[in-house]
Trainee: 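Structure below; questions to follow.
Within every chain, numbering begins at 1; the chains are lettered A, B, ... in the order of the sequence lines, protein sequences first and strands thereafter.
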Amino acid sequence: MSEVARSEVLPVGGSDTVSTAWWGMVCLIATEGILFVYLIFSYAYLGTQQSGPWPPSGPPSLKLAAPNTVILIASSFVLGWGVRSFKRTRNQRSLLMALVATILLGLIFLTIQGFEWAEKPFVFSTNAYSSAFFILTGVHMAHVAVGVLILLMLLVWTLAGRFEQSHHEHLPLGALYWHFVDVVWLAVFTTAYLVPQFT
Amino acid sequence: MVAQLDTVDSPERRKLLGIWETAPGLYGWLASVDHKTIGIRYLCTAFFFLVIGGIEALVMRAQLAQPDLKLLSPDAYNQLFSMHGTTMMFLYALPMLSGFSNYLWPLMLGSRDMAFPRLNALSYWVFLLAGVFLYVSFPMGQAPNGGWFAYVPNTNLQYDPGINMDVFSLGLIFLGISTVVGSANFIVTLLRCRAPGMSVNRLPIIVWGTFTASAANLLAVPAVSLACAMLWLDRRYGTHFFDVPGGGQPLLWQHLFWIFGHPWVYALVLPAMGIVSDALPVFCRRPLVGYTLVAISTVATMILGFGVWVHHMFATGLPVMSLSFFSAASFVIAVPSAVAVFCWIATIWTGKLQFKTPFLFFAGFVMLFVIGGVSGFMTASVALDWQLTDSYFVVAHLHYVLLGINVFPVIGGIYFWFPKMTGRMLDERLGRWTFWTMFVGFNVAFFPMHITGLMGMPRRVYTYPAEMGVGWLNLISSLGALIFAVGVLLFLVNIVKGLRSGEPAGNNPWDAPTLEWSTTSPPPVYNFATIPQVASRHPLWESRLKESEERSVIGDKASDGMVLDKGKETIGVTPLDAEPNVVLKMPGDSILPFLLALGMAVLFFGLLSQAVWLMVTGVLCEIAILIVWLTPKPHPADEEVEVYE
Amino acid sequence: MKRLIAIGLTISLAGCSAPLSYLDATSPVGGSIASLGWGLTAISVGVCLIVGVLLLVAIWRGSPRGAATVVPVNDRAPIRWIGVGVAISTVFLLGSAIWTLVTVHSIAGSPRPAALSIDVIGQEWWWAVKYRSDDPSREFTTANQLVIPVDVPVQINLTSRDVIHSFWVPKLGGKMDMIPSRTNVTWLEADKIGDYRGQCSEFCGLQHANMAFNVRVMSQADFDAWRNQQLQPAASVAGDPRLRTFMVRCAACHTVRGTPAGGILGPDLSHFGSRETLAAGLLPNTPENLARWINNTQTIKPGAKMPELHMLASETADVTGYLEDLK
């Protein structure tokens, strides 16, 4: 290696894969993601070891869960649009609208799921199925709640002008987390709601 | 070219010192994010837990020295053996290796700190508080008592009332946070925080080992955290994951626990094997033979390690077809280990040996590795394991692999890097006495257990009848344990002696090749005055090894490399080829990691005592602290730096 | 290190006569595993010796002679030797894996249909044993002992009433866990008449260490006689005052066939007098030990589910006399 030097302008902090925060978020998603793999494994294992039907009380109703799924997935598109347009145009309005809309959709998701839980003919401690069902959907709900908190903070920081200049890495990373939570819901929904309809 | 760094005072260095040094006093002590401070804290705390776990073992060995002794009640024995396992497996083995890696990585990689210094501090404080959480139960006589493996239904509330296993399950979830946070830090540091030119094929093997272990931990720890959460919920909220009357499955616990547990044991040894791969060659005066083979075998072992967990469940009555698969996989996993062993032997064979204390530990390690490895080979055979499992043969195996492949390299590693960390040498003669006492004591304690196992002595028993015929072998084991303990004592004496009056070490007392030996001993808080430019695997041996014409540059002046003194800065590089592409701003002292860990402790004590107000307080504090931590701070968009070709 | 291994081998040969050792098992399953065990042990010892020698030679070769300078290296030859070593190791690993799978295949199920089926149900910290039959009138329950005929495959159906235990008779075969909610089926066959010891081998709480049992192997004729004897109800005299004491003090938890005693919390005590040991293999079955056991349960086996009864001397004499007479 010679000592010929040239001056170069490097970003400070960087964004996306250039930053270290992005990789940190990927690590978080990896570890939380595999948690859901283990949750689904546990749910499936308990089911295969039962002699009776699984779920014992019949497949869960899709009446609330299916539209709820649409709401959550839609929120990802809304958020993605908002963050992308802010990155392009630096226009705070679309970002703020997207954040508020996503937060509302997330809260609606949580509320509807709360109603759905209340309507169930079983509680957490009824049997193995109920325990598995509630821990699977419950851990997901907790992740959604954390996601809503993150979005709230992004909203507050946007309003406070913290993303005025170039340091807006929090936004795509928060959005990445939200997309992760939504993709996980697809896996949870398929496992706990769709598969029982056909087995 | 390596500049002479005896003159540590210069205007550039004084400026860096002003930027990087930790605040004095209690605040600085609590708020430091310096990886070297955190590394040493990990080493000391983990060693403390090693001694505690060792004392627990000595008490157990006293009870087992002869048949039908009544020194301990069965309940006391069960708490002791459970805490011994939990302490060693969770509070000693990985944190000790995290300590080495935390201290060494930035120095070895040519960086000024880890990727996330505050997360680094957090992972230490959580480790400390989780250890306290687990041990607070001991004086109350309520220590975990279901074994470190905590099989259900034995640990369900019905058979284990009392808070023992609540402490265990919540404590492991708590500790798991530290492990996962630390793992993420290592992964991102490796991928991005290296000196220019430190490409992946130039990394020290300890970096390969810790990186592999960290990636595995990210994927494995959630399994045990989930299992523990389910156990705690079964016990306190009446759920039915594991309890049979409600449709629960005892084997679900075993699957989840061992899906975590097997990768975990490889995480406990691969970084230590890396210590040997990096330090042994120094005492052979040559590079490691087969660097690429050893790096690949490290990764291969870890990947295969995810596919063998059922070998802990060979006697559970699972279908023979699946048992056969896992048995075959458990044989295959020996192959990369064989590669590594032959590489170490070849390094010794072709080396010019220096019989210093570290070398003794590393040579001893090779033999113990092989003995532990072959007893593992025997248990890999499912048919033979139907006799061996749950007998003292497995106790022999696990201690040979854990002490042989973790503790011995760790002690050797301390002898090796103590001069770098403290600026003083440890006593060589005392070191030789330490090695031989520990080596002899260890083998006298644990070799007979192969035989007691083959004679049918089951494990986890608080006593045994004279008719079993294993009394005299157990006596020998107990005496060996005492001898080993004397060895540990000698080691501690050497540490104290070294700290007080050890010979000054200088920068590179062993004439070793890697970057950490280019700094002063101890290194300055900012590690490097200029970011090194790395040209090979052995920067300080380049002119002698003559592998190429290129030379690394580790210097003092601005013309030697990037200075990066516009604040706490280090360079970020591309993952594979280590080309600089971003300036990373490092945080200064921060009390937030300590506070966040405290908040977690409040939450977990709230969960343990089922006090809702404590839980809520804990959660609210956590949220508030995290918001402060993550609030975006303004910084310049870019910076001009010197990039070298 | 080599010396230690040689000593170890000698010791292990000496230890072969221990009641729970299994490298000297001769039963079909136990013997099959023992051959595999000796083979893998031989390979293991060989590997340790070879590596030990290589290490010692390497250290002797590398002893400092002259300046310990760092010089350029060419590792083509060492790498080739590493390849040789790994290749040889892989061959042995592969061979051992195949031998293992062949052994598993031969012992996983009995080659002949089982002549006898016994349920063994583990509980904290004793063994309920139920002999099954196609004819329900020939089924009976005992505890803490198995009696089986020689040279006959016996099917054992394992489960647990509480936590996970493990059924292990080292000289007759490998272990199998007893898991509540599952029935694990194993089999064993003895080829020599005699007594064999079994031990619980999965940590199951306070008295895991003291949960043992006996397996007595008899000729077919003797076994048939034993079985018929077990099927007899208790030979009790009507109005036996000892039985009255037993009913008052013990019948809440214990059963004796042929009497009104029908408790199921503790071991079935029918024909207790013919058993070798009591308290799950803990003490030899003598009147003195039985008396000690009844009145000092928690001292002898702390944590056992049987309460310490502190009976009067007369009650103790009644109960021990009655039980020991139940042959």
Trainee: With a 4.5 angstrom heavy-atom cut-off, which part of F116(B) approaches chain A: side chain, backbone, both or neither?
Mentor: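 Just its side chain gets close to chain A.
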Trainee: Examine whether an atom of I135(A) lies under 4.5 Å from a heavy atom of chain B, and if so say whether it belongs to the side chain, the backbone or both; otherwise answer neither.
Mentor: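 Contact with chain B involves the side chain of I135(A) alone.
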Trainee: Tell me if the CZ atom of R236(B) is crowded by more than 12 foreign heavy atoms within 6.0 Å.
Mentor: yes
Trainee: With the side chain counted from C-beta on, respond yes when V582(B) and L10(A) share a heavy-atom pair under 4.5 Å apart, and no when they do not.
Mentor: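 The answer is no; the side chains never approach within 4.5 Å.
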Trainee: Could you tell me which portion of P575(B) (side chain, backbone, both or neither) has an atom closer than 4.5 angstrom to a non-hydrogen atom of chain A?
Mentor: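 For P575(B), the contact with chain A is made by the side chain alone.
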Trainee: For the residue pair L251(B) and Y45(A), what are the closest heavy atoms and their distance?
Mentor: CB-OH, 3.2 Å
Trainee: Closest approach of H170(A) and T631(B), non-hydrogen atoms and distance?
Mentor: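 Nearest heavy atoms, H170(A) then T631(B): NE2-C, 4.3 Å.
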Trainee: Can you tell me which of G14(A), C27(A), P56(A) forms the most heavy-atom pairs within a distance under 4.5 Å of chain B?
Mentor: C27(A)
Trainee: I need the single residue from H635(B), E569(B), K566(B) that forms a side chain to side chain contact (heavy atoms under 4.5 Å, CB included) with V12(A). Which is it?
Mentor: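 For V12(A), the side chain to side chain contact (heavy atoms under 4.5 Å, CB included) test succeeds with only one of H635(B), E569(B), K566(B), which is H635(B).
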Trainee: Heavy-atom distances under 4.5 Å only: say whether S19(A) touches chain B with side chain, backbone, both or neither.
Mentor: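 Only the backbone of S19(A) comes within 4.5 Å of chain B.
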Trainee: So, the side chain of T239(B) versus the backbone of S131(A): is there a donor-acceptor pair under 3.5 Å, distance only?
Mentor: no
Trainee: Given the options A132(A), G52(A), S125(A), which has more heavy-atom pairs under 4.5 Å with chain B than any of the others?
Mentor: S125(A)
Trainee: With only heavy atoms counted, which part of L149(A) is less than 4.5 Å from chain B, the side chain, the backbone, both or neither?
Mentor: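 Side chain of L149(A) only, per the 4.5 Å heavy-atom cut-off to chain B.
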Trainee: Heavy atoms, side chains only, cut-off 4.5 Å: are L226(B) and L35(A) in contact?
Mentor: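 Counting from C-beta outward, L226(B) and L35(A) do come under 4.5 Å.
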Trainee: Could you tell me which portion of A160(A) (side chain, backbone, both or neither) has an atom closer than 4.5 angstrom to a non-hydrogen atom of chain B?
Mentor: neither
Trainee: Pick one of side chain, backbone, both or neither for F41(A), based on which atoms fall under 4.5 Å of a heavy atom in chain B.
Mentor: side chain
Trainee: If we define contacts as heavy-atom pairs under 4.5 Å, which of I623(B), L630(B), T189(B) has the most with chain A?
Mentor: L630(B)
Trainee: I'd like to know if the side chain of R192(B) reaches the main chain of W23(A), judged simply by a donor and an acceptor atom lying under 3.5 Å from each other, with no hydrogens or angles considered.
Mentor: no
Trainee: Kindly indicate whether the side chain of V641(B), heavy atoms from C-beta on, has any atom under 4.5 Å from the side chain of S7(A).
Mentor: no
Trainee: Which atoms of L191(B) are under 4.5 Å from chain A, going by heavy atoms: the side chain, the backbone, both sets, or neither?
Mentor: side chain
Trainee: What is the distance from atom CG of N127(A) to atom CG of D243(B), rounded to the nearest 0.5 Å?
Mentor: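 These two atoms lie 10.5 Å from each other.
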Trainee: Can you tell if the side chain of P11(A) reaches within under 4.5 Å of the side chain of V583(B), non-hydrogen atoms only?
Mentor: no
Trainee: So which heavy atom on P632(B) is nearest to which on R162(A), and how close?
Mentor: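 Answer, listing the atom of P632(B) first, then R162(A): O-NH1, 2.8 Å.
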Trainee: Do I627(B) and M153(A) have side chains that get closer than 4.5 Å, going by heavy atoms?
Mentor: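 In short, these two side chains touch, coming nearer than 4.5 Å.
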Trainee: If you take all heavy atoms of Y38(A) and A220(B), which pair is closest and at what distance?
Mentor: OH-CA, 4.0 Å
Trainee: Quick one: closest heavy-atom pair of G247(B) and L46(A), and the distance?
Mentor: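 Looking at all heavy atoms of both residues, the shortest contact is O-CD2, 4.3 Å.
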Trainee: Might you point out which heavy atoms bring L219(B) and I34(A) nearest each other, and give the distance in Å?
Mentor: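 Shortest heavy-atom separation between L219(B) and I34(A) comes out as O-CG2, 3.6 Å.
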Trainee: Pick one of side chain, backbone, both or neither for S51(A), based on which atoms fall under 4.5 Å of a heavy atom in chain B.
Mentor: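 It is neither, since no heavy atom gets under 4.5 Å.
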Trainee: Pick one of side chain, backbone, both or neither for L233(B), based on which atoms fall under 4.5 Å of a heavy atom in chain A.
Mentor: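 The answer is the side chain of L233(B).
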Trainee: Heavy-atom pairs under 4.5 Å with chain B: which of V37(A), T126(A), V146(A) has the most?
Mentor: T126(A)
Trainee: Between chain A and each of M230(B), E639(B), E642(B), count heavy-atom pairs under 4.5 Å; write down the option with the most.
Mentor: E639(B)
